[in-house]
Amino acid sequence: MDIKLSEDQTEIARQARRFCENETPMDYVRTMFSEERGFTDEIWSKMAEMGWTAMRVPEAHGGLGMELMDMAVILEEMGRAVVPGPFFSTVLLAAEVIMEAGSDSQKERYLPGIAGGETRGTLALCEPDSGADPEYIQMEARPDGEGFVLNGTKIAVSDAHVADVLVLVARTKAGNDPEDGLTLFAVNPRAEGVSVSPLPTMDGTRKLFAVEFKGLRVGQDGMLGERHRGWKPLRRALQRAQVGLCAECVGGAQKAMEIATEYAKIRIQFDQPIGSFQSIKHRCAQMYVEVESARSLLYWAAWAQDHGDDKEAALAASVAKAYCSEVNRNVTSSALQVLGGTGFSWEHDIHLYLKRAKGNEVALGDPIYHRERVMRILEG
């Protein structure tokens with residue numbers, strides 16, 4: 001395995017860097033932080049024109065059929081710029097599940113629209129009393145004639161307010177067995193029986209919602225994949241999304257490190273730059289070590305999703321998610337400490353990176369969950 005970027009991937013990264021600098025600068029991020037919608041149609045359309053929404057979608061359904069590593073370099077740049085909006089929830093959550101579990105007709109129904117930027121989506125996974133493990137999922141999908149009736153509540157659903165399709169997982173057989181009883185569905189979030197409510201969050205660049213289902217009727221054509229067998233395709237899709245979050249984490253940590261080291265060069269204390277003090281030098285050096293280690297794990301995890309076997313793909317995703325999300329939180333926290341009081345002001349950008357880091361750390365399983373998952377994979 002060669003973890004270096006190819007020439008094409010390097011060029012993709014350069015284009016993404018330029019796009020984020022020109023189209024989503026910090027003024028845009030700050031404006032969207034407090035906006036209810038969280039993004040503009042203009043920026044979304046430009047992302048689609050860049051081909052980003054089509055990268056992972058197979059060519060047969062209007063996409064480019066590119067690998068996760070190609071997407072990872074874009075997400076790394078988006079994390080570096082704290083880009084807001086429903087890109088991650090659409091491309092790395094909804095689309096990946098549909099690609100894994102959907103029938104040909106379902107893929108043709110949703111994927112061309114996602115690839116072209118006309119359709120946005122998200123994934124409803126977590127429940128009020130649940131953790132990251134699938135055995136906690138208890139939302140009921142009760143058989144009713146030729147379809148199902150859905151009742152229950154999902155929380156921390158990203159970008160549900162602008163989604164055109166909502167992918168969710170519900171229990172069609174009583175119990176806690178994730179291998180037998182979980183079923184995936186694709187529903188219209190604006191259908192009768194669905195209500196979407198905003199949740200207060202630390203990170204205003206990532207809009208989260210509670211979605212309540214009361215007697216929502218879904219036909220057989222709304223079921224993705226096999227009945228009772230939704231966990232395996234969902235797990236594979238979640239692993240790719242976890243790697244996508246790792247890419248954001250690496251990009252955010254890289255930028256936070258750069259902010260801290262540049263400040264250490266120009267901040268004068270006792271007639272010399274604070275970067276000349278041993279404690280600051282050691283802290284900045286540790287940031288560099290952690291960021292480069294996280295990037296290596298990210299590239300391995302992205303490669304493993306497309307080229308490794310099932311065990312390596314699962315192991316790499318959890319190792320990377322545990323480490324990269326912690327590195328992002330550690331580095332952004334350290335950067336804030338280097339900045340001192342300056343970093344605590346609303347006018348400085350570092351707090352945006354720290355808030356995104358805290359959100360990404362717990363999203364799709366926190367480090368404790370993924371370390372336990374690594375242990376189970378190695379034991380198995």
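The shown structure was predicted, so the numbers you read here are calculated from the model rather than taken from an experiment.
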Do Trp300 and Glu312 meet the criterion of a side-chain donor-acceptor pair at a distance under 3.5 Å? yes
Taking salt bridge (Lys or Arg N to Asp or Glu O under 4.0 Å) as the cut-off, I'd like each qualifying pair that reaches into [range], sequence neighbours left out, listed once.
range            : value
residues 140-151 : Asp144-Arg217
residues 244-257 : Arg206-Glu248, Glu248-Arg356
residues 338-353 : Arg30-Asp349
residues 292-304 : Glu76-Arg295, Glu292-Arg295

Verify, without hydrogens or angle tests, whether [X] (side chain) and [Y] (backbone) share a donor-acceptor contact under 3.5 angstrom.
X      : Y      : answer
His161 : Val196 : no
Arg171 : Ile137 : yes
Gln272 : Phe277 : no
Thr122 : Ser158 : yes
Tyr353 : Arg80  : yes
Glu212 : Thr153 : no

The single option from Asp159, Leu123, Ile98, Val167 passing side-chain contact (heavy atoms from CB on, under 4.5 Å) against Leu93: Leu123
Which of Val291, Val338, Thr332 passes side-chain contact (heavy atoms from CB on, under 4.5 Å) with Met257? It is Val291
Enter the distance from [X]:[atom1] to [Y]:[atom2] here, rounded to the nearest 0.5 Å.
X      : Y      : atom1 : atom2 : value
Met26  : Glu21  : CE    : CD    : 11.0 Å
Glu23  : Glu42  : CD    : CD    : 7.0 Å
Thr261 : Met287 : OG1   : CE    : 7.5 Å
Lys355 : Ile350 : NZ    : CD1   : 11.5 Å
Gln242 : Gln305 : CD    : CD    : 8.5 Å
Tyr288 : Glu258 : OH    : CD    : 11.0 Å

Which heavy atom of [X] sits nearest to which heavy atom of [Y], and what is that distance?
X      : Y      : result
Tyr263 : Leu339 : CG-CD2, 3.3 Å
Ala241 : Phe88  : O-CZ, 3.3 Å
Cys20  : Val83  : SG-CG2, 3.9 Å
Pro189 : Val194 : O-CG1, 3.3 Å

What pairs with Asp306 under salt bridge (Lys or Arg N to Asp or Glu O under 4.0 Å), at least two apart in sequence or on another chain? Arg56
Under the salt bridge (Lys or Arg N to Asp or Glu O under 4.0 Å) test, which residues partner Glu290, sequence neighbours left out? none
Set of residues satisfying side chain to side chain donor-acceptor pair (under 3.5 Å) with respect to His307, sequence neighbours excluded: Glu67
Min side-chain heavy-atom separation [X]-[Y] under 4.5 Å:
X      : Y      : value
Trp52  : Leu75  : no
Leu234 : Leu182 : no
Lys154 : Val169 : yes

Would the number of heavy atoms belonging to other residues, nucleotides or ligands and lying under 6.0 Å from [atom1] of [X] be above 12?
X      : atom1 : result
Lys173 : NZ    : yes
Leu199 : CG    : yes
Met375 : CE    : yes

According to a hydrophobic-cluster definition based on side-chain heavy atoms being under 4.5 Å apart (Ile, Leu, Val, Met, Phe, Trp, Tyr only), do Ile155 and Leu216 belong together? no
May I have the step-by-step check of side-chain contact (heavy atoms from CB on, under 4.5 Å) for Arg283 and Gln286, ending in yes or no? CA-CA 5 Å; Arg283 189 177 291 274; Gln286 181 64 24; 5.8 Å; no
Could you list the residues that satisfy side chain to side chain contact (heavy atoms under 4.5 Å, CB included) with [X], not counting sequence neighbours?
X      : answer
His61  : Val57, Pro58, Lys107, Glu108, Leu111, Pro112
Asn22  : Arg18
Ser333 : Arg329, Leu354
Ala294 : Val250, Tyr323, Cys324, Val327

Between Ile74 and Met50, is the side-chain contact (heavy atoms from CB on, under 4.5 Å) condition met? List the steps. CA-CA 11 Å; Ile74 289 178; Met50 293 285 288; over 6 Å; no
Of all residues at least two apart in sequence or in a different chain, which pass the ring pair (Phe, Tyr, Trp, His ring centres under 6.0 Å) check with Phe87? none
Whether Asp366 and Lys321 form a salt bridge (side-chain N of Lys/Arg under 4.0 Å from carboxylate O of Asp/Glu) is what I want to check. no
So does Glu11 pair up with Arg14, basic N to acidic O under 4.0 Å? yes
Arg373 and Ser318: CA distance, side-chain angles, deciding distance, side-chain hydrogen bond (donor to acceptor under 3.5 Å, both in side chains) verdict: CA-CA 7 Å; Arg373 188 161 182 254; Ser318 283; 2.8 Å; yes
Ring-plane angle category for His351 and Phe33, please: parallel below 30°, perpendicular beyond 60°, tilted otherwise. perpendicular
Start with the C-alpha gap between Trp44 and Thr53, add the side-chain angles, then the distance that decides, and say whether side-chain contact (heavy atoms from CB on, under 4.5 Å) holds. CA-CA 9 Å; Trp44 180 260; Thr53 54; 4.1 Å; yes
Derivation of the side-chain contact (heavy atoms from CB on, under 4.5 Å) call for Val165 and Arg109: CA-CA 11 Å; Val165 56; Arg109 179 180 179 184; over 6 Å; no
